[in-house]
Enquirer: 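First the structure, then my questions, so here it is.
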Amino acid sequence: MSTNKRGIELLQDPALNKSTAYTETEKLAFGIVGLVPDVTETEDLQLNRVMMQLGHKNTDLDRYIYLINLLDHNETLFYRTVMSDPARFLPIVYDPTIGEACLKFGHIYRQTRGMYLSITRRGKVKEVLKNWPQRDVRFICVTDGGRILGLGDLGANGAGIPIGKLQLYTACAGVPPQYLLPMYLDAGTNNEQYLHDPLYLGLRRSRPSTEELYSFVDEFVEAIQEVFPKCCIHFEDWTGVDAVHLLERYRNKYCVYNDDVQGTAGIVLAGMINAAKLKGTKLSNEKYLFLGAGSAGIGLANLLCSALVEEGLTLKQAQEKVYMFDINGLLEQTRKDLVDFQKPYAHQHAPTRDFVAAIESIKPTTIIGVSTVGGAFTQKIIESMARINERPVVLALSNPTERAECTPEQAYTWSKGKAIYAAGVQFPPVHLNGRTFLPGQANNFYIFPAIGMAVFATQASRVTDQMFIEAARAVADQVPLDLLNLGMLYPLQSNILETEIQTAARVAKLVFNSGLARVERPNDMLAFIREHVYAPEYKDQTRASRTA
Ligand code: NAI
């Protein structure tokens, strides 16, 4: 961190600004006497002021705008605020508030953040990337706005997603913010409402052909290798088919991953591991039936199969344990409408469009809802699962809340307290017949920031499925038995930084064991990760400038 700046220039740099916390020595050294109130406040006092001001905001969107404004002026205080109470602030800086912020992105826009790269710059991508002021970029989170959360094609309004997602690398796992670059690739939008909105901030054209889009992404990915050679590219919120195809296109060649495909799969796998633990069995003894065979479903099925192979099954045996059901019924071998990546899960079975009939015939131990259809797990479905299984596992992962395939209350009530349940969103505890159940939230933010920290610390050259499986195991292992017995499959969010540090250490160990690290192996992996963790604390800038 350079402290060559002085006076008003120093106060206007959000990475350096300490606002009312400058000491007398710093004020004299940097020529800021008289430019700030003549006090020296502690960070805790500043945090109290932030909390008080937040208390006057009426909606989460107002709180989001306030916090982003704080980030634009004082990065340290922003992260100190978010990291002081992650369970409270993560839903404001990220999902679900971020969805509303994206819908209104062009309207609430105040200041630029990250980069905007238009398809009209093809042939000049490298030059545009060189405009970014930091030379050592370690993570780019990139979207084309194609499928933002469950909200569809939001075009340039989707730019809020990479911004929010990268903040979680820092807030949840301590990746230092100066290495992070949010990126929006603008290839147009098919969202008519935005195309006609005068405040829309993207290209006013419809989306190009897949071929044209992929050639633009090719140029972008190749340019990154040259401009930011240590950078890992995190793909986020592309349409399902693009997500799967672009991941396949680059994963063996460059350091890339897709959080919707792999991160989601990782966190759901963690829940499955703990569900198996609760039942006293292992993953390979279970049978899985998915409702939904899109990018989330396929990503999860693939990662699950890799985990089953690690338990000793062949890939074919693993795939035979996974059945899928989509809008046209059960995936089976006579179906003519399947895409390449769905075919491994189309088994020999009579065609059916009746999910209950499929349950009765296949006898799954676990049903996984990734269908986007709220209420799709009906009473009949849960009762059927409870009849077949002593402890049916019900994962209702679609979001937002109204899209969850069933609520925890429904799952526990209809199964007479037998179900092991998790959702994609946070639900409150359920009290039933004198028992308390804690439904867990399969939220990616337990996984991708930890993977990010491990990649950052080890300078890993690739991101592999095995890293997500190890992260899933590490997350699962950190749920204490008393919580697990209440049905809670995930660690508590209040302690997320420590959980992710432990997870990152395990993933980092795997990176070294796999020969993918580009730094020397440390003796103590946990201490090594801790050395890399960003702390939202002001530095003595007179000392920083002397040692710079
Ligand atoms: P997608 O659009 O790629 O796939 C949806 C799938 O559901 C398709 O296979 C479709 O045929 C099927 N489907 C739709 N209506 C159906 C019906 N009535 N009956 C049976 N199948 C039906 O969507 P994607 O990206 O796979 O996401 C699916 C859901 O998973 C979304 O709601 C998303 O929010 C959620 N999700 C949850 C995550 C979590 O961590 N909890 C992370 C990522 C996605």
Side-chain angles (χ1 to χ4, degrees), residues 90-91 94-96 98-99 102 143 146-153 161 165 168 235-247 258-272 289-303 322-331 335 337-339 341-343 345-346 352-359 367-378 381 394-406 408 421-427 439-448 468 471-472 475 489-490:
L90 293 179
Y94 201 63
D95 203 17
I98 193 89
C102 284
T143 188
R147 196 276 291 139
I148 295 299
L149 306 168
L151 304 167
D153 178 358
I161 290 291
K165 205 94 194 189
L168 268 53
F235 285 86
E236 184 71 32
D237 282 2
W238 297 66
T239 64
V241 172
D242 289 341
V244 175
H245 283 153
L246 289 172
L247 181 61
N258 183 302
D259 183 54
D260 304 300
V261 180
Q262 295 161 290
T264 300
I267 192 57
V268 181
L269 183 64
M272 289 174 162
L289 175 59
F290 286 65
L291 187 73
S295 61
I298 293 293
L300 173 57
N302 290 347
L303 195 74
V322 177
Y323 286 77
M324 298 189 118
F325 196 102
D326 72 1
I327 195 153
N328 296 319
L330 186 69
L331 272 60
R335 287 266 302 259
D337 59 331
L338 302 181
V339 276
F341 50 75
Q342 292 173 321
K343 288 183 181 159
Y345 306 105
T352 178
R353 285 172 175 263
D354 179 345
F355 196 63
V356 177
I359 290 176
I367 51 173
I368 303 117
V370 272
S371 66
T372 73
V373 183
F377 288 164
T378 58
I381 288 173
V394 177
L395 306 176
L397 300 172
S398 286
N399 54 48
T401 307
E402 58 279 10
R403 302 233 173 135
E405 281 79 4
C406 68
Y421 174 95
V425 294
Q426 189 66 61
F427 280 106
Q441 182 191 9
N443 195 317
N444 307 25
F445 66 42
Y446 289 105
I447 298 278
F448 74 83
F468 284 91
V475 170
L489 302 181
Y490 297 104

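Order of appearance sets the numbers: ligands from 1, and atoms from 1 within every ligand.
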Enquirer: Asp242 vs Phe235, test: side-chain contact (heavy atoms from CB on, under 4.5 Å). Steps then yes/no.
Expert: CA-CA 10 Å; Asp242 289 341; Phe235 285 86; over 6 Å; no
Enquirer: To the nearest 0.1 Å, how far is atom 13 (N) of ligand 1 from its closest protein heavy atom, and which atom is that?
Expert: Ser371 O, 3.7 Å
Enquirer: For Leu149, is there any backbone N or O sitting under 3.5 Å from a side-chain donor or acceptor partner on Asp237?
Expert: yes
Enquirer: With a 4.0 Å heavy-atom cut-off (strictly under), which part of Ala442 contacts ligand 1: side chain, backbone, both or neither?
Expert: backbone
Enquirer: Give, for atom CD1 of Ile367 and atom CG of Leu289, the distance between the pair rounded to the nearest 0.5 Å.
Expert: 7.5 Å
Enquirer: Protein heavy atom under 4.0 angstrom of atom 2 (O) of ligand 1, is there one?
Expert: no
Enquirer: What is the ring orientation for Phe355 with Phe325, classed by angle as parallel under 30°, tilted 30 to 60°, or perpendicular over 60°?
Expert: perpendicular
Enquirer: At what distance, to the nearest 0.5 angstrom, does CG of Asn444 lie from CG of Leu168?
Expert: 10.0 Å
Enquirer: So which heavy atom in the protein is nearest atom 4 (O) of ligand 1, and how far is it from that ligand atom?
Expert: Gly294 CA, 3.3 Å
Enquirer: Which heavy atom of the protein is the closest neighbour of atom 16 (C) of ligand 1, given with residue, atom name and distance?
Expert: Val373 CG2, 3.6 Å
Enquirer: Evaluate side-chain contact (heavy atoms from CB on, under 4.5 Å) for Val475 paired with Ile447, printing each intermediate quantity in order.
Expert: CA-CA 8 Å; Val475 170; Ile447 298 278; 3.9 Å; yes
Enquirer: Using modelled atom types and a 3.5 Å cut-off, is there a donor and acceptor pairing between side-chain atoms of Tyr421 and backbone atoms of Cys406?
Expert: yes
Enquirer: Of all the atoms in ligand 1, which lie at a distance below 4.0 Å from a heavy atom belonging to Gly424?
Expert: 41 (N)
Enquirer: May I ask you to identify the nearest protein heavy atom to atom 36 (N) of ligand 1, giving residue, atom name and distance to one decimal place in Å?
Expert: Leu397 O, 4.0 Å
Enquirer: Give the atom numbers and elements of ligand 1 that come within less than 4.0 Å of a heavy atom of Asn444.
Expert: 40 (O)
Enquirer: Can you report which non-hydrogen protein atom sits closest to atom 29 (C) of ligand 1, along with the distance?
Expert: Ser398 OG, 3.4 Å
Enquirer: Of the non-hydrogen atoms in Lys165 and Tyr94, which two are nearest, and what is the gap between them?
Expert: CD-OH, 3.2 Å
Enquirer: Quick one: which of Val370, Ile327, Asn399 has a heavy atom closest to atom 11 (O) of ligand 1?
Expert: Ile327
Enquirer: If you have a sec, work out which protein heavy atom is nearest atom 44 (C) of ligand 1 and how many Å separate them, to one decimal?
Expert: Ala296 CB, 3.8 Å
Enquirer: Starting from the C-alpha separation in whole Å, work towards a yes-or-no answer on side-chain contact (heavy atoms from CB on, under 4.5 Å) for Phe341 and His245.
Expert: CA-CA 9 Å; Phe341 50 75; His245 283 153; 3.9 Å; yes
Enquirer: Using a 4.0 Å heavy-atom threshold (strictly under), name the region of Arg403 that reaches ligand 1: side chain, backbone, both or neither.
Expert: neither
Enquirer: Take every heavy atom of Met324, measure it against each atom of ligand 1, and state whether any distance is under 4.0 Å.
Expert: no
Enquirer: Please test Ser398 against Glu405 for side-chain hydrogen bond (donor to acceptor under 3.5 Å, both in side chains), starting from the C-alpha separation and ending with a verdict.
Expert: CA-CA 7 Å; Ser398 286; Glu405 281 79 4; 2.7 Å; yes
Enquirer: Quick one: look up the protein heavy atom nearest atom 23 (O) of ligand 1 and list residue, atom name and how far away it is.
Expert: Thr372 CG2, 4.2 Å
Enquirer: Heavy-atom distances under 4.0 Å are what count here, so tell me which part of Leu149 touches ligand 1: side chain, backbone, both or neither.
Expert: neither
Enquirer: With heavy-atom distances below 4.0 Å as the criterion, list the atoms of ligand 1 near Thr264.
Expert: 38 (C), 40 (O), 42 (C), 43 (C)
Enquirer: Checking a contact table here: which protein heavy atom is nearest atom 12 (C) of ligand 1, and how many Å away?
Expert: Gly292 CA, 3.8 Å
Enquirer: Any donor-acceptor pair under 3.5 Å linking the side chain of Gln342 with the backbone of Ala293?
Expert: yes
